[in-house]
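Written out below as structure tokens is the structure these notes cover.
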Amino acid sequence: MKINLYNSNTKSKELFVPIDSKKVAMYVCGPTVYSFPHIGNARGPVIFDVLARLLRREYKLTYVRNITDLEDKIYQAADEEGVDISEITERYTKIYQDDMNALGVKKPDIEPLATEHIGEMIEMIQGLIDKGHAYQNQDHVFFNIDTFSDYGFLSNRTEEEQISGARIKSSEIKKNQRDFVLWKPSTGDIPGWESPWGYGRPGWHLECSAMAKKYLGKTLDIHGGGSDLLFPHHENECAQSMCSHSGKPLANYWVHNGMIDFDNVKMSKSEGNLLLIRDLLQEIRPEVIRMAFLTTHYRKPINWNDALIIDSEKKLDRLYGSIRKLGHISPGEPSGGVINALADDINTPKALSELFAIVKKINNAKSDEESKQLASILIGSANLLGLMNESAETWFDDLNIDVDEALIERLLNEREEARSNKDFGRADQIRQEIESLGVSIEDGPNGPVLMKN
RNA sequence: GGCAAGGUGGCAGAGUGGUUAUGCAGCGGCCUGCAAAGCCGUUGACACGGGUUCGAUUCCCGUCCUUGCCUCCA
């Protein structure tokens, strides 16, 4: 299997060749745990989950996704609620993990906490100071950008561009206004650790560099994250890591997922248009959300709206519909078409079209035997995308609405009686009544089947 | 202003230098008491203007428009 990935660094699709032909090291920037994750927070995890599933077919993958439990917004949240910082971080870490699990995102191999790696960070800062890439000033330590001539290579920004575009106020304690903080002092209730530069805490970008190095080595095969992290977060990670590791690249392949828009406006805290996963799951089944993500190629924006949800649900209806009458089917080997689509820069829309091609074959199959064989391939293929995790029975039975089952049962019996008496006017009347309750009826060879409207 | 992505049929959304995406919706059949589901067939597209080419939706240039990043953000 040859995998091609779009590398943000070179802005082109490249053949993926890991450093070790048997192993792959992948690091993805995880959440800052200070509030409920929103739908945008889930896109990356779902995409990288698909990539991980694909990679595991071929390689021994070590997938690391960090938890940032060390950040000023967390302290602010704790302060506002009047609770301990750990209460905030533990609560939202749990919620994040639960939400991801609901969406069928498998756990990464390692989920390190920033607060458990302060030692590694201090060590990295010291190394940078020793090499002349960082300097201390007024209890702060800054990365000295002027010592890294490649600064800006990842996000493709020249120095002039960074300065002309920047609205950062020039700081008196920095040598260059683009220098970023590696260590800063902590006062009051803000947590801190003892360090050679006084009591304080690390700057934002450092944790990823330190943890990536610890668990995966100096150069990663794949580094992933949202496209909005490209600058400055990943640029700064690169600077720190490369200067710490005598110029070795931090990652060979940079993979960035696109954002989710809401009415064509980016969903973000500052826009105040956050859609929480938790709230969404009240109304929508998790697999529908996952399908909605996979409908669009990962690098493009997704516009989130009701039509997308309805569409996604119907796609799943078609997938599950094809295996509905076949009983229990075990997942088989995924189809080559699906694997190839995913291997081509995670082309999930193409992979879905391959799934529907199998559905068509199942529906056209001449025998049950043939259908079942194809269904096994379908499920195995869909599983690679993290779809079709339940049985068709569960999918269609899960009406997910409040219904008076006894009432429907009674109406159903009444209708069957009318039908057997060829009183079709009455039968249709009852069907309408049932449909007004949110349930539709399908008459099949084995009697009527209920479906959600 | 700089950097980057994109404008595909009614909607969503892949892809391609020359013939089919796919899903939903529509239309005509089959099936059904009627429907639904399923099947068969079918309408319908590549922002605009140039250029390269035997031929461009696909490559190049320009125009218009949309979006993201440049500041915490997935």
Side-chain angles (χ1 to χ4, degrees), chain A residues 6 8 11 28-32 34-35 37-48 71-73 76 152 155-158 160-169 204 224-233 235 256-261 264-271 274 291-292 294-297 299-303 305 307-319 321-322 324-325 341 344 347-357 359-360 362-365 396 418-420 422-425 427-428 431-432 435 440-445 448-451 453:
Chain A
Y6 181 89
S8 311
K11 293 182 192 53
V28 173
C29 290
T32 301
Y34 71 103
S35 66
H38 61 265
I39 189 71
N41 290 310
R43 189 179 187 188
V46 167
I47 284 302
F48 289 106
E71 226 276 337
D72 289 0
K73 287 192 291 291
Q76 206 182 321
S155 53
N156 196 26
R157 271 157 235 261
T158 65
E160 295 73 35
E161 282 160 14
Q162 290 157 31
I163 292 174
S164 70
R167 279 169 244 165
I168 313 159
K169 290 188 193 95
W204 174 34
S227 62
D228 52 353
L229 294 181
L230 233 164
F231 186 87
H233 185 54
E235 192 69 58
H256 290 98
N257 62 275
M259 302 289 102
I260 289 182
D261 299 340
N264 289 317
V265 175
K266 182 188 167 192
M267 185 183 313
S268 72
K269 281 143 205 155
S270 50
E271 293 287 342
L274 297 184
M291 176 61 95
L294 301 178
T295 291
T296 307
H297 184 82
R299 280 189 278 117
K300 286 195 171 180
I302 294 179
N303 193 29
N305 55 38
L308 175 66
I309 303 300
I310 293 166
D311 238 54
S312 304
E313 194 154 41
K314 284 185 174 175
K315 284 179 180 173
L316 286 162
D317 279 344
R318 181 151 169 85
L319 292 180
S322 71
R324 194 174 183 179
K325 306 215 163 75
D344 183 16
N347 192 338
T348 54
K350 173 85 170 133
L352 289 172
S353 80
E354 295 288 339
L355 251 35
F356 290 116
V359 165
K360 182 156 248 171
I362 294 173
N363 289 334
N364 270 319
F396 288 110
R419 289 182 72 209
S420 63
K422 304 251 190 267
D423 182 358
F424 297 118
D428 289 350
R431 173 158 56 199
Q432 282 204 341
E435 277 179 4
S440 56
I441 299 174
E442 280 185 27
D443 293 323
V449 179
L450 295 178
M451 280 187 80
N453 271 350

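Order of the sequence lines fixes the chain letters, A, B, ..., with proteins taken first and strands second; residue numbering starts at 1 for each chain.
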Taken in chain and number order and not counting sequence neighbours, the residues that satisfy salt bridge (charged side-chain N to carboxylate O under 4.0 Å, His left out) with A:E235 are none
Residues that A:R299 engages under salt bridge (charged side-chain N to carboxylate O under 4.0 Å, His left out), provided they are two or more places apart:
A:D345
Among all residues two or more places apart in sequence or in another chain, which pass the side-chain contact (heavy atoms from CB on, under 4.5 Å) test with A:A341?
A:K350, A:A351
Apply side-chain contact (heavy atoms from CB on, under 4.5 Å) to A:A292 and list each qualifying residue two or more places apart in sequence or on a separate chain.
A:W304, A:L308, A:S312
With sequence neighbours excluded, what pairs up with A:D423 under the salt bridge (charged side-chain N to carboxylate O under 4.0 Å, His left out) test?
none
The criterion is side chain to side chain donor-acceptor pair (under 3.5 Å); which residues satisfy it with A:S227, sequence neighbours excluded?
none
Measuring only the C1' atom in each nucleotide, how far is B:G6 from B:U42? A whole number of Å is fine.
32 Å
Got more than 12 heavy atoms from elsewhere within 6.0 Å of NZ, A:K422?
no
Contacts of A:D428 meeting side chain to side chain donor-acceptor pair (under 3.5 Å) (sequence neighbours excluded), chain-then-number -> A:R431
Which residues share a ring-ring contact (aromatic ring centres under 6.0 Å, His included) with A:H233, sequence neighbours left out:
A:W204, A:H205
Could you encode protein contacts along nucleotides 27-36 of chain B as a string, one character per nucleotide from 5' to 3', using B for base contact, S for sugar-phosphate-only contact and - for no contact, with a heavy-atom cut-off of under 4.0 Å?
------BBBB
Canonical and wobble pairing (Watson-Crick, G-U, under 3.5 Å) of RNA chain B, dot-bracket with |:
(((((((..(((.....[...))).(((((.......)))))....(((((..]....))))))))))))....
Not counting sequence neighbours, which residues clear side chain to side chain donor-acceptor pair (under 3.5 Å) with A:D443? List them please.
A:R415, A:R419
Every protein N/O within reach of nucleotides 19-23 of chain B N/O, cut-off under 3.5 Å:
unit_1 : atom_1 : unit_2 : atom_2 : d
B:G23  : N2     : A:D311 : OD2    : 3.2

